[in-house]
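In what follows, chains carry the letters A, B, and so on, assigned in the order in which the sequence lines appear, proteins first and then strands, with residues in each chain numbered from 1.
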Amino acid sequence: CLVFSGDRVIDVGSEWRTFSNDKATKDPSRVGDTQNPLLSDGDLSTMIGKGTGAASFDEFGNSKYQNRRTMSSSDRAMMNAFKEITNMADRINLPRNIVDRTNNLFKQVYEQKSLKGRSNDAIASACLYIACRQEGVPRTFKEICAVSRISKKEIGRCFKLILKALETSVDLITTGDFMSRFCSNLGLPKQVQMAATHIARKAVELDLVPGRSPISVAAAAIYMASQASSEKRTQKEIGDIAGVADVTIRQSYRLIYPRAPDLFPADFKFDTPVDKLPQL
Amino acid sequence: MDADSDVALDILITNVVCVFRTRCHLNLRKIALEGANVIYKRDVGKVLMKLRKPRITATIWSSGKVICTGATSEEEAKFGARRLARSLQKLGFQVIFTDFKVVNVLAVCNMPFEIRLPEFTTNNRPHASYEPELHPAVCYRIKSLRATLQIFSTGSITVTGPNVKAVASAVEQIYPFVFESRK
């Protein structure tokens, strides 16, 4: 008797003769592009690229074989969105896993069709925001705005709609999520970054800053830590990096200033002592 | 933890929105010319009529549909709507006051304590949504009452719902949860 162990067992990895299983390198023994069946279904099309050399142009200067006829007409919008997502992620150097997660989210939202009327770019930006959050490395809305043409308001709206459509929720942002990024952008040493993280965490624990956005608290904490060290930064510089107005930093700073001695970590080396911190 | 004791919380109704129909076509131009206290918005096809006695602003369409906003209670909304219908009648239209319905009630309530919003959100996951970057309040939706509450860290709560009863019961429902996460 026969036992079927597998129906159509086709290995989509590279063949055994080529010695790297790296999908990124062009594998000459394969036909067609690398499959991405997880995202766009049925990707067996061949696209005719723009020609090089004189033979590809006909009499009038137009190129022969004009149209890159994309045979995957369904989900062309989706492929477009994936391209846009990759572009946006490239601008802020996001790793591949976040991009993949974004693509998956977009596919889910697109198939559900509940947000069909919204601009695809807006949905893509919101998916990118959610993916960063889910991976534990949130980006502020303003950072996503900077790499997208969509307004913060629209991204925020799409964000809430997507959470409702996919019935998921995201964790709240904390001050610590942004510390390493902001501090390295400002060129602050590790000591200052650790001090700022400690200050922000303590400030939230002691509830000195009720109702303030964690970004503003983080910015104020960085200001305090940098002013106490040898690497001082102005409010304007920090506001620029964090995307908060310098008056906002001033407000949050005023709230944490009274308890400054308690907020610093125990082993911090003060370049400017606590009582000489600027008072705004 | 006395969450069930009778707490005298003042729920202040700030706005009641209602709609009614006049069952007849209204000539907006005539209202705009002959009516008192009217603003004609020709580009959108509406006339705004403001009443002084119950302080009400009404948006009137030529189809006969009218939306009244600015009342501070359901009865006041009804008085204002009737007064408005009367003034339209005086202008010569055959007005019949039908389909009066209170559509939205906005109320404000103040808790005697401050609230820890992150704690509150994590305890009330699916109903509560908090995005500090977008809005400083937690948005809590009660599906059964079709009410939305905005809870601020100062303890003030803004409730919107379809009628005054829903608003009152929404506040009662939220009180124990908010009490848990107080300072």
Side-chain angles (χ1 to χ4, degrees), chain A residues 125-126 129-130 132-133 138-146 151-178 200-201 203-219 242-245 248 251-252 255, chain B residues 1 104 106 108-162 170-171 173-175 177-183:
Chain A
S125 310
Y129 178 82
I130 296 176
C132 293
R133 263 283 194 120
R139 299 290 187 273
T140 63
F141 275 110
K142 288 191 176 161
E143 288 175 315
I144 303 286
C145 250
S151 67
K152 177 170 178 256
K153 204 165 161 186
E154 185 59 29
I155 301 181
R157 266 195 219 129
C158 286
F159 165 73
K160 285 189 217 161
L161 288 171
I162 293 175
L163 287 187
K164 208 203 278 193
L166 299 180
E167 295 194 351
T168 36
S169 66
V170 286
D171 292 328
L172 288 177
I173 50 176
T174 57
T175 51
D177 299 330
F178 306 96
R201 199 186 66 232
V204 173
E205 270 173 31
L206 299 172
D207 214 2
L208 304 171
V209 283
R212 298 271 161 200
S213 164
I215 320 287
S216 321
V217 177
V244 276
T248 312
Q251 294 282 30
S252 303
L255 291 170
Chain B
M1 203 169 67
N104 191 20
L106 178 78
V108 167
C109 183
N110 235 308
M111 295 290 150
F113 43 78
E114 292 187 11
I115 303 165
R116 281 189 226 272
L117 298 183
E119 198 188 306
F120 178 81
T121 330
T122 37
N123 292 342
N124 295 282
R125 244 325 155 67
H127 303 283
S129 105
Y130 180 40
E131 272 307 311
E133 287 185 82
L134 296 176
H135 191 57
V138 175
C139 179
Y140 190 100
R141 278 183 213 270
I142 304 179
K143 241 179 159 181
S144 53
L145 299 166
R146 287 179 293 135
T148 307
L149 299 104
Q150 287 189 6
I151 303 154
F152 291 86
S153 61
T154 53
S156 123
I157 300 183
T158 304
V159 196
T160 66
V171 174
Q173 263 192 37
I174 198 86
Y175 186 80
F177 298 125
V178 158
F179 193 76
E180 274 176 24
S181 315
R182 76 192 188 290
K183 282 218 192 121

Between chain B and chain A, which N or O donor and acceptor atoms come closer than 3.5 Å?
{"residue": "B:Arg116", "atom": "NH1", "partner": "A:Asp207", "partner atom": "OD2", "Å": "3.3"}
{"residue": "B:Arg125", "atom": "NH1", "partner": "A:Ser169", "partner atom": "OG", "Å": "3.3"}
{"residue": "B:Arg125", "atom": "NH2", "partner": "A:Val170", "partner atom": "O", "Å": "3.2"}
{"residue": "B:Glu131", "atom": "OE1", "partner": "A:Arg133", "partner atom": "NH2", "Å": "2.8"}
{"residue": "B:Glu131", "atom": "OE2", "partner": "A:Arg133", "partner atom": "NH2", "Å": "2.6"}
{"residue": "B:Glu133", "atom": "O", "partner": "A:Lys152", "partner atom": "NZ", "Å": "3.1"}
{"residue": "B:Glu133", "atom": "OE1", "partner": "A:Phe141", "partner atom": "N", "Å": "2.9"}
{"residue": "B:Glu133", "atom": "OE2", "partner": "A:Tyr129", "partner atom": "OH", "Å": "3.1"}
{"residue": "B:Lys183", "atom": "NZ", "partner": "A:Asp207", "partner atom": "OD2", "Å": "3.0"}

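Residue A:Leu163: no heavy atom, backbone or side chain, is found under 4.5 Å from chain B. Of the atoms belonging to A:Leu172, heavy atoms from both backbone and side chain fall under 4.5 Å from chain B.
Looking at every heavy atom in both residues, A:Gly156 comes nearest to B:Leu134 through CA-CD1, 3.9 Å.
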